[in-house]
Amino acid sequence: MDISIFGMGYVGTVTAACLADDGHTVIGVDPNEFKIDTINNGQAPMVESGVDELIARNVQAGRLTATTDSAAAVAASDVIFVCVGTPSRPNGSLDLQFLERACTNIGVALQKADHHVVVVVRSTMLPGTMNDVVIPLLETHSNKRSGPDFGVCVNPEFLREATAVQDFRCPPKIVVGSNDQQTIDVVRPLVERGDAPLAVVPLEIAEMVKYVDNSWHALKVTFANEIGRIAKSFDLDSHQIMDVFFLDDKLNISTSYLTPGMAFGGSCLPKDVRALTHKAREMDIDLPVLHSVTASNQAHLNWARDQVLAHDIEKVSILGLSFKAGTDDLREAPMVDLAEQLIGKGRDVRIYDEHVHIQRLTGANQSYINAHLAHLERLLVDDLDTALKHGELLVVGNKSPAFADLAQVVGPNQLVIDMVRVISDPAPLAGYEGLLW
Ligand SMILES: NC(=O)c1ccc[n+]([C@@H]2O[C@H](COP(=O)([O-])OP(=O)(O)OC[C@H]3O[C@@H](n4cnc5c(N)ncnc54)[C@H](O)[C@@H]3O)[C@@H](O)[C@H]2O)c1
């Protein structure tokens, strides 16, 4: 396939060298003449293991060339990868000037193209950039339409500098973001690698993925370092602690606790985070990430409350009160907090939870409810039917299997707010809102 790559930086050069090595004819495009000359002389314009050899071999074989002439490159290409930089401005916002210039140049060149071209953006850009910036620039300057005249795709890159070639060839995953099948069929065989899992997703999802990954990596580093700081202050070896942490691939290094939904709660997470951060404060150790966990959870609860209060509906039924299905533990359950706040705002609340029975609450569980929802007895109903009859607004608070088929029993005038995404198929519901989806 004939390919152009705009931007001969770390991502673009590795992409160009590897795709040429796969047998494609690749033209690298960059305004920096030094980089262009370096590549045409068979050398890498940066230090990156393995790239020098790949460039030398493929320039020698005539599969890889570089140029400053974007029009000539576009004219000779079926697929154009955009790998230009998207740096931060001083205030942290995303600087799109290089992307805008590259898209303008590609658009101008596309005007003269008499073949179907696919433009694939690998640069990291926020959701909406493709629709709001890239496509309008390409369309305006080419006088052609995205879809019938040229394809667009977002294909984020997950390589790490220093192991970039290895990561390009064995990536953790491949993401192809596009809304049209013809484009997917062109891009997919170019970017698929061995056993790497492949996700074909809408454009905006592909744009967001890289930010989620990098935020997660950044969070992991700061989390590990905060644990390291407090461990060292206890005179403990943080690596030994984390080696034990890594053993747990069921709850720790896993997908557990990573699905957006309701705030955390229960008898352990809130109290244990509080104890550790309180101890850190006593020891004068600054742990901003861990300290802000409780505040973040409260902000999330406020968000959930506001979603409910945004509807001026008096009769509310809460379905599922305990912090997770299958238990009657109400200590620090987010739905208890929500119920309390709704009542405070004058809502007429009923609560149904198959596992919560007032006579059976004892010990710390009972004390917690006495302190936070003393009139729970008057709010609890014995069965789902009674709760459904009362509520014009139904708030689903935990993943009890009994709620999966709610869509079959809810009336046309009832609104459901699902905090936990338990309803398997909300399509039949006349009024459905997911908390975060
Ligand atoms: N570096 C990484 O490890 C990495 C990994 C994954 C994703 N990314 C993302 O990939 C993108 C590129 O990152 P990078 O580190 O390779 O950037 P870089 O700064 O190393 O290279 C960008 C290149 O684009 C060139 N350029 C600027 N305007 C151009 C134009 N109009 N036409 C053609 N070329 C132009 C620049 O001269 C430069 O050579 C960024 O969005 C980055 O966030 C980077």
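Here the structure is a predicted model, which means the values were calculated and not measured. The basis for the numbers below is simple: all heavy atoms, side chains too, and nothing from hydrogens, waters or symmetry mates. As the structure lists them, so they are numbered: ligands from 1, and atoms in each ligand from 1.
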Please report whether ligand 1 has a polar contact with Arg101, defined as an N or O pair separated by less than 3.5 Å (distance criterion only). no
Of the protein's non-hydrogen atoms, which lies at the shortest distance from atom 38 (C) of ligand 1, and what is that distance? Asp30 OD2, 3.4 Å
Taking NZ, NE, NH1 and NH2 as the nitrogens, is one of them in Asp21 or Arg169 under 4.0 Å from a carboxylate oxygen of the other? yes
Before accepting this row, confirm whether a basic side-chain N of the pair Asp329/Arg331 lies closer than 4.0 Å to the acidic partner's carboxylate O. yes
Thr13, portion touching ligand 1 at heavy-atom distance under 4.0 Å: neither
Atom 43 (O) of ligand 1: of Ile5, Thr124, Val11, Thr68, the nearest heavy atom sits on Thr124
Do Asp30 and Thr68 have side-chain atoms, one donor and one acceptor, less than 3.5 Å apart? no
Cationic tip of Lys173 within the cone over Phe158's six-membered ring, i.e. under 6.0 Å and within 45° of the normal? yes
Side chain to side chain contact (heavy atoms under 4.5 Å, CB included) between Glu48 and Thr13: does it pass, once the steps are laid out? CA-CA 10 Å; Glu48 181 59 55; Thr13 303; over 6 Å; no
Look at atom 19 (O) of ligand 1 and find which of Ala162, Ser4, Ser88, Gly85 reaches it with the closest heavy atom. Gly85
Just to be sure I'm reading this right: ignoring hydrogens, which of Val121, Thr86, Val14 gets closest to atom 41 (O) of ligand 1? Compare them by their nearest heavy atoms. Thr86
Pro156, Gly9, Cys83: member with heavy atom nearest to atom 12 (C) of ligand 1: Cys83
Heavy-atom contacts under 4.0 Å between Lys210 and ligand 1: side chain, backbone, both, or neither? side chain
Salt bridge between Arg57 and Asp52, side-chain N to carboxylate O under 4.0 Å? no
